[in-house]
Asker: 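Have a look at this one before I ask anything.
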Protein chains: 2
Amino acid sequence: MSSTTRDKMIAGAADLLSRRGVHATSLRTVVQHTGTPRGSLGHHFPGGKQQLLEEAVRHAAESVAVPLETLMKERGAVEGLQAFVGWWRRILESSGFEAGCPVLAVAVEPMADDEDAASGEHLRGLAHEAFERWEAILSAALRREGVAAGRAQRLGALTVAAIEGTVAMCRAARSTRALDDVQLELKTMLMAATAR
Amino acid sequence: MSSTTRDKMIAGAADLLSRRGVHATSLRTVVQHTGTPRGSLGHHFPGGKQQLLEEAVRHAAESVAVPLETLMKERGAVEGLQAFVGWWRRILESSGFEAGCPVLAVAVEPMADDEDAASGEHLRGLAHEAFERWEAILSAALRREGVAAGRAQRLGALTVAAIEGTVAMCRAARSTRALDDVQLELKTMLMAATAR
DNA sequence: GTCTATACGAAGATAGAC
DNA sequence: GTCTATCTTCGTATAGAC
């Protein structure tokens, strides 16, 4: 089934994106790391690297949104976020602080020809959609626990921003110290906000 | 004076770093954007691109730390941070959301041969030092206003992470909405922490 | 110190064989 | 569908002329 090859390429691209960034994620390294056939690239992604990375960002956005939403619904905002941070901690540690967030990579390192088409097919636009979706999941969870809409949205934005920033800082430091610090303060903040 | 050429190259490299990332910051584009002589590259930076980027990261770390420390001392933690966020908002808006943070770029997009030398001359290590310095400035300001050492450090980490993450998100969104949200919640949080 | 020319490698895209 | 080969472009690094 070629669908497996395609999916492996997308997942591999997302992983490389998170580790090395956009430019260092070459089509060659993607097929090398995934063990997928070279000649399939043109077939599955006629749009070339741009298309592959678009799918990779979509995939990454989903693979964060799904567990995030599950945790929020099963454990509530405060406990769910603790678990979500723990999920990131595991990614950092198990990769030796090599892996990070593919969406952040795309946001920070725009591709050369990002100014071509018209609608939201740009990588930057896709990164924006991912961030907004994660914010929305968090703010919905907070609203469910009685936080006013405006504040819930702001806290969602702060939480996403803090985690993205912290993951990058932890990679630079090769340590989870910053994540521990941020986790505790985020918990304090959300507990105060949801207290009735 | 050749020192001017050298400084222009460093500042230009830092700017390009913040806009396009590490790999897209080529030595060619640096001399193009700064209008500096090509042949001087080898003289001022015998270590090649690696050395130029190291100096650029050091320069960027400094150009954030100095105004941050000044604002903290002149206006205190809460008001100073408001002004600091305003400084970032101006950078985003005046660049059409093209510019960002050079240090974050280096943290997210490690260079290919980052595993060579022994000590802290790596770009990743320099990014780490920059983050830690900014954290320290913030936590020192908070301690000056009566916040306990441990909490001051955690709040410093959260603040740096939140601003770094938010700047990246604003670039993706081409909007300062997230920065406005985060600014307000950060202010609320710091006011509560410093209240006696 | 400044600049040009060149060497070398790597990446993306494409065409065509199996 | 899969793979190879090639074209073109771009980046770094180096050597040597002014």
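Only heavy atoms go into these numbers, but all of them, side chains included; no hydrogens, no water, no symmetry mates. By convention in this document, chain letters (A, B, ...) are assigned in the order of the sequence lines, proteins followed by strands, and residues within each chain are numbered from 1.
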Asker: How many whole angstroms separate atom CG of L53(A) from atom P of dG12(C)?
Answerer: 9 Å

Asker: dT9(D) C1' sits how many Å from H23(A) NE2, rounded?
Answerer: 13 Å

Asker: Starting the side chain at C-beta, find the nucleotide from dT4(C), dT4(D), dT2(D) nearest to R38(B).
Answerer: dT4(C)

Asker: With respect to the side chain of T5(B), which nucleotide from dT2(D), dA13(D), dT2(C) is positioned closest?
Answerer: dT2(C)

Asker: Between P on dT14(D) and CG on L41(B), what's the gap in Å once rounded to a whole number?
Answerer: 13 Å

Asker: Taking the nucleotide of DNA chain D with the closest heavy atom to each, which residue, K49(B) or H43(A), is nearer the 5' end?
Answerer: H43(A)

Asker: Mind calculating the distance between CG (L27(A)) and C1' (dC3(D)) to the nearest angstrom?
Answerer: 15 Å

Asker: Can you check whether S40(B) has a side-chain N or O nearer than 4.0 Å to OP1 or OP2 of dT2(C)?
Answerer: yes

Asker: Which nucleotide, dA11(C), dA13(D), dG11(D), lies nearest any side-chain atom of S26(A)?
Answerer: dA11(C)

Asker: Is the W87(B) ring parallel, tilted or perpendicular to the F84(B) ring (thresholds 30°, 60°)?
Answerer: parallel

Asker: Without decimals, in angstroms, what is the distance between M111(A) CE and dA11(C) P?
Answerer: 15 Å

Asker: Output yes when E135(B) and R177(A) qualify as a salt bridge under the 4.0 Å nitrogen-oxygen rule, no when they do not.
Answerer: yes

Asker: Let me know the distance between CD of Q51(A) and C1' of dA13(C), rounded to the nearest Å.
Answerer: 14 Å

Asker: Answer yes or no: does atom CZ of R75(B) have more than 12 heavy-atom neighbours from other residues, nucleotides or ligands under 6.0 Å?
Answerer: no

Asker: Given the rule in the side chain to side chain donor-acceptor pair (under 3.5 Å) test, do R143(A) and Q153(A) qualify, once you have shown the distances and angles that lead to the verdict?
Answerer: CA-CA 9 Å; R143(A) 254 180 287 122; Q153(A) 199 216 2; over 6 Å; no

Asker: Can you check the R28(A) CZ to dC10(D) P distance for me, whole Å?
Answerer: 16 Å

